[in-house]
Visitor: 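Have a look at this one before I ask anything.
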Protein chains: 2
Amino acid sequence: MIKYSNQTRILTAIDCIIFGFDGSDYKLLLIQRGFAPEKEKWSLMGGFLQPSESLDEAADRVLKKLTGLENVYMEQMHTFSKPDRDPVERTIAVAYVALIDIQKYKKQISNDFHAHWFPMNELPNLIFDHEEMVNMAKSRLRYKAALHPILFELLPAKFTLPHLQAMYESLYETNIDKRNFTRKVLSTNMLVKEKEKDKTSSKKGAFYYSIDKTQYKDQFQTVLNFIPRNEMPNANE
Amino acid sequence: MIKYSNQTRILTAIDCIIFGFDGSDYKLLLIQRGFAPEKEKWSLMGGFLQPSESLDEAADRVLKKLTGLENVYMEQMHTFSKPDRDPVERTIAVAYVALIDIQKYKKQISNDFHAHWFPMNELPNLIFDHEEMVNMAKSRLRYKAALHPILFELLPAKFTLPHLQAMYESLYETNIDKRNFTRKVLSTNMLVKEKEKDKTSSKKGAFYYSIDKTQYKDQFQTVLNFIPRNEMPNANE
DNA sequence: ACAAAAGTGTTGCCCGTACACCCATGA
DNA sequence: TCATGGGTGTACGGGCAACACTTTTGT
């Protein structure tokens, strides 16, 4: 087969920005690079695009290799391309953002990569342009979560309303009135009240809720309003 | 310098989805390919990423080559990567969306590419996965324009309120109450009323307005509400 | 004079916000 | 019994949508 002539072929990398929420803080899953350059420095989990796979497949593969998880919420964010972003040789990097239930991950931890969950405000220095990727991902998450129920992807199967609210309050660094928040969230019909309570964080105990997946899917695209108008973030682009 | 070993290097293309608005219809600028494969078929304007440029620079270069325009509103949309999307050899394509004032373009037309503006509902068949790109771009434009004053990028320096309203009505295929629309738009302080009128589309004539660029930049990130709630589009991802 | 498009105000309703007390339980 | 966090209702106000007539001017 004839090829395009006189064009430069370069490497394509995938990097995954993996968010989790532990009940009070957002965390990022980072690895310690096992190969040069920048060996042993902290980095996003990544890999190179292989000949027979699409970028989405590559991202799934990379995420699974690190966490063991499949069918995780993940979407392509942005492609980074500064000519000198990788000092070894020219590489463009397609960044993916994944939101995972931090509990699920804990069971599947693979130690091959020296992975570690870092709280968002205590991130180590990262290699290459990975900090830029993380900053963009944070800003996009804030933007998107203000409009769509995307943060639910970070929750375990059963969670409490205070837990959910803490997740929003932490992301927007604000306090939300719990009566208004509860009313808004429940009015979407996306939550199902369970019979059991979570007694780990109070004496009275807080009822567990779970997601009504049908409602969730139907309403995922809807523009919501869990965040008071004044606290709305800016677009990032 | 040492390179990464055993990894596949592939071509990276840039494709530009170029939107215009002629006063009543949205249009897309397409070219007739001058080289194989699919020679003479209609296609998005594109090119290959060169060794010393970033993707943004490549997109600017490609857009300028076709239209002569610089400093145009353009942003990276998505990277397409199906292994067989280009039959010649594996190529990933980074799609950029540009919004241009169709009047400006007319003066600068470059005939090298047999370019033509097609109305959005009369698009020809496109090569490769370019239709998928266009569909995603349409859907993202609808989403983003419902929240941010991005469509102003399509307007000439002076335009009328009926012109502006037609642009929104066409994109959302809906009728908007002109009293409510005017009030909302003017309340942003982004528009400056000019002294002259446009008499081409009515006997009475409609006042020209222009953009207050300071206000526009300040408010670009704000979440707006020109579109009635019921007509709000869905997210696309 | 009439046709065709531009311009302009008011009302009602709904949604979003502010706000404070009681409940359940373990220690 | 008391301390801790969970759960609930109301009233007010602003913003959004619905709605129709007058103005201008070219023909």
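Just so it is clear, the model here is predicted, and its values are computed rather than measured.
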Visitor: Restricting to salt bridge (Lys or Arg N to Asp or Glu O under 4.0 Å), what partner residues turn up for B/D25, sequence neighbours left out?
Guide: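 Here no residue qualifies.
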Visitor: Please give, in whole Å, the distance from D/dG7 P to A/L186 CG?
Guide: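 From A/L186 CG to D/dG7 P: 10 Å.
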Visitor: Rounding to an integer number of Å, can you tell me how far B/F159 CZ sits from C/dA6 P?
Guide: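 In whole Å, C/dA6 P lies 15 Å from B/F159 CZ.
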Visitor: Output the rounded distance in Å from CG (A/D198) to P (D/dT4).
Guide: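 One finds 19 Å between P of D/dT4 and CG of A/D198, rounded.
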Visitor: Rounded to the Å, how far apart are B/I227 CD1 and D/dC16 C1'?
Guide: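 Result: 14 Å.
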Visitor: Pick out the pairs of N or O atoms, protein on one side and nucleotides 9-11 of chain D on the other, that lie under 3.5 Å.
Guide:
{"unit_1": "D/dG9", "atom_1": "O6", "unit_2": "A/R183", "atom_2": "NH2", "d": "3.4"}
{"unit_1": "D/dT10", "atom_1": "O4", "unit_2": "A/R183", "atom_2": "NH2", "d": "3.2"}

Visitor: Could you state the atom-to-atom distance from CG of A/L191 to P of D/dG7 in whole Å?
Guide: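 Nearest whole value for this atom pair: 12 Å.
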Visitor: With A/E173, which residues qualify under side chain to side chain donor-acceptor pair (under 3.5 Å), at least two apart?
Guide: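 None.
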Visitor: Name every residue in residues 163-170 of chain A that has at least one heavy atom under 4.0 Å from any atom of DNA chain C, in order of residue number, or write none if there are no such residues.
Guide: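 Those residues whose heavy atoms fall under 4.0 Å from DNA chain C, taken from residues 163-170 of chain A, amount to none.
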Visitor: Would you please name every residue forming a ring pair (Phe, Tyr, Trp, His ring centres under 6.0 Å) with A/Y26, sequence neighbours left out?
Guide: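 Residues passing ring pair (Phe, Tyr, Trp, His ring centres under 6.0 Å) with A/Y26: A/F21.
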Visitor: Identify, between B/K178 and B/K184, the residue whose nearest nucleotide on DNA chain D lies closer to the 5' end.
Guide: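 Looking at the nearest nucleotide for each, B/K184 comes out on the 5' side.
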Visitor: Could you list all the ring-ring contact (aromatic ring centres under 6.0 Å, His included) pairs where at least one residue sits in residues 180-201 of chain A, not counting sequence neighbours?
Guide: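 Pairs touching residues 180-201 of chain A that pass the test: A/Y168-A/F181.
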Visitor: Nearest to the side chain of A/P162, heavy atoms from C-beta on, is which of C/dG16, D/dT8, D/dG6?
Guide: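 Ranking C/dG16, D/dT8, D/dG6 by closest atom to the A/P162 side chain puts D/dG6 first.
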Visitor: Could you go through nucleotides 24-27 of chain C and list every protein N or O atom that sits under 3.5 Å from one of its N or O atoms, giving the distance for each pair?
Guide:
{"unit_1": "C/dT25", "atom_1": "O3'", "unit_2": "A/K203", "atom_2": "O", "d": "3.4"}

Visitor: For A/E131, what residues pass the salt bridge (Lys or Arg N to Asp or Glu O under 4.0 Å) criterion, not counting sequence neighbours?
Guide: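 Salt bridge (Lys or Arg N to Asp or Glu O under 4.0 Å) check on A/E131 returns nothing, list empty.
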Visitor: Provide, to the nearest angstrom, the distance between the CZ atom belonging to A/F207 and the P atom belonging to D/dG5.
Guide: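 In whole Å, D/dG5 P and A/F207 CZ are 19 Å from each other.
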Visitor: Restricting to side chain to side chain donor-acceptor pair (under 3.5 Å), what partner residues turn up for B/E194, sequence neighbours left out?
Guide: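 Here the qualifying residues are B/S210.
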Visitor: OP1 or OP2 of D/dG15 versus the side-chain N and O atoms of B/N225: is any pair under 4.0 Å?
Guide: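 Indeed not, no polar side-chain atom of B/N225 lies that close.
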Visitor: Is B/K144 salt-bridged to B/E75, going by a charged N under 4.0 Å from an acidic O?
Guide: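 Salt bridge present between B/K144 and B/E75.
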Visitor: Check whether any side-chain N or O of B/S170 sits under 3.5 Å from a backbone N or O of B/A166 as a donor-acceptor pair, and report yes or no.
Guide: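 Not at all, since once roles are kept as given, no pair shorter than 3.5 Å links the two residues.
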Visitor: Quick one: list whatever passes ring pair (Phe, Tyr, Trp, His ring centres under 6.0 Å) with A/F80, sequence neighbours left out.
Guide: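 So A/F80 forms a ring pair (Phe, Tyr, Trp, His ring centres under 6.0 Å) with A/H78.
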Visitor: Taking the six-membered ring of B/F207 as reference, does the NZ or CZ atom of B/K193 fall below 6.0 Å from its centre and within a 45° cone about the axis?
Guide: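 Relative to the ring axis of B/F207, which defines the angle, B/K193 lies inside both limits.
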Visitor: Taking side chain to side chain donor-acceptor pair (under 3.5 Å) as the test, write out the residues that go with A/D198, two or more places apart.
Guide: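 Residues passing side chain to side chain donor-acceptor pair (under 3.5 Å) with A/D198: A/T200.
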Visitor: What's the closest nucleotide to the side chain of B/P228 if the choices are C/dA6, D/dA17, D/dG7?
Guide: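 When the side chain of B/P228 is considered, D/dA17 is the closest of C/dA6, D/dA17, D/dG7.
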Visitor: Mind checking A/S201 for me? I need base, sugar-phosphate or nothing, with any heavy atom below 4.0 Å counting as a touch.
Guide: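 Here A/S201 touches the backbone only, sparing every base.
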Visitor: Could you check how far CZ of A/F181 sits from P of D/dG6, rounded to whole Å?
Guide: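 It is 13 Å, rounded to the nearest whole Å.
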Visitor: According to side chain to side chain donor-acceptor pair (under 3.5 Å), who are the partners of A/N180, at least two apart in sequence or on a separate chain?
Guide: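 Residues passing side chain to side chain donor-acceptor pair (under 3.5 Å) with A/N180: A/R183.
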Visitor: For the pair made of OH in B/Y209 and P in C/dA6, what is the distance, rounded to whole Å?
Guide: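 One finds 12 Å between P of C/dA6 and OH of B/Y209, rounded.
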